Amino acid sequence: MADLKAFAEQLVNLTVKEVNELAQILKDEYGIEPAAAAVVAGPATGGDAPAAAAEKTSFDVILKEAGGQKLAVVKLVKDLTGLGLKEAKDLVDGAPKELKAGVAKDEAEALKKQLEEAGAVVEIK
């Protein structure tokens with residue numbers, strides 16, 4: 001138990017930068033999303049809390065419109081979200097719609113790039 005208490009003490013004393021580095025390690029090496037790690041370690045940053053609030057760590061990917069290549073966009077939405085074909089078509093038809101919420105910035109940018117290459121209009125919030 002003493003080791004767990006020491007570990008908890010270390011987590012509580014992490015800076016915002018260290019929390020971000022830890023989140024990246026958890027994502028890259030263990031497949032744990034950074035948003036989940038930030039929720040666990042974020043409130044424990046103490047005096048650095050205002051800096052953490054200023055730095056946005058999760059983003060929403062919004063499909064504004066399908067564009068001219070609607071079929072390609074529907075197929076891509078199906079692949080990216082794991083939805084069925086009908087659900088993906090309904091999502092694209094109902095644009096503007098939230099495609100994914102609470103994703104990391106790099107993942108949001110990658111999704112936006114793929115969707116724009118397929119002809120869609122995408123916004124990241």
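Note that this is a predicted model, so its numbers are computed, not measured.
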- Message: Suppose the criterion is side-chain hydrogen bond (donor to acceptor under 3.5 Å, both in side chains): which pairs have a residue in residues 113-125, not counting sequence neighbours?
- Response: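 As it turns out, the side-chain hydrogen bond (donor to acceptor under 3.5 Å, both in side chains) pairs with a partner in residues 113-125, which skip direct neighbours, are K64-E123.
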- Can you pull the side-chain hydrogen bond (donor to acceptor under 3.5 Å, both in side chains) pairs that have at least one residue in residues 93-104, sequence neighbours excluded?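 Residue pairs with at least one partner in residues 93-104: K70-D93, K89-D93.
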- Scan residues 77-87 for pairs that pass salt bridge (Lys or Arg N to Asp or Glu O under 4.0 Å), counting only residues two or more places apart or in two chains.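 Sorted pair list: K86-D90.
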- Considering residues at least two apart in sequence or located in another chain, which fulfil the side chain to side chain donor-acceptor pair (under 3.5 Å) criterion with E107?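 Testing E107 for side chain to side chain donor-acceptor pair (under 3.5 Å), a comparison that skips the adjacent residues, returns none.
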- Message: Checking E9 now: which residues fulfil side chain to side chain donor-acceptor pair (under 3.5 Å) with it, not counting sequence neighbours?
- Response: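 Here the qualifying residues are N13.
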- Message: My understanding is that a hydrophobic cluster links ILVMFWY residues whose side chain heavy atoms are under 4.5 Å apart, including indirect links. Using that, what else belongs to the cluster containing L80?
- Response: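 Same cluster as L80: V61, L63, V73, V74, L76, V77, L83, L85, L91, V92, L99, V103, L111, L115, V122.
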- Task: For F59 and A108, work out which heavy atoms get closest and say how close.
- Result: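 That would be CB-CB, 4.1 Å.
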- Message: Under the rule for side-chain contact (heavy atoms from CB on, under 4.5 Å), what residues qualify as partners of E109, not counting sequence neighbours?
- Response: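 side-chain contact (heavy atoms from CB on, under 4.5 Å) list for E109, sorted by chain: K105, I124.
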- Item | Test side-chain contact (heavy atoms from CB on, under 4.5 Å) applied to K17 - qualifying residues, sequence neighbours left out |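 By the side-chain contact (heavy atoms from CB on, under 4.5 Å) rule, K17 matches T15, E21.
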- Query: To the nearest 0.5 Å, what is the distance between CD (Q24) and CD (E29)?
  - Reply: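 Between Q24 CD and E29 CD, I get 10.0 Å after rounding to 0.5 Å.
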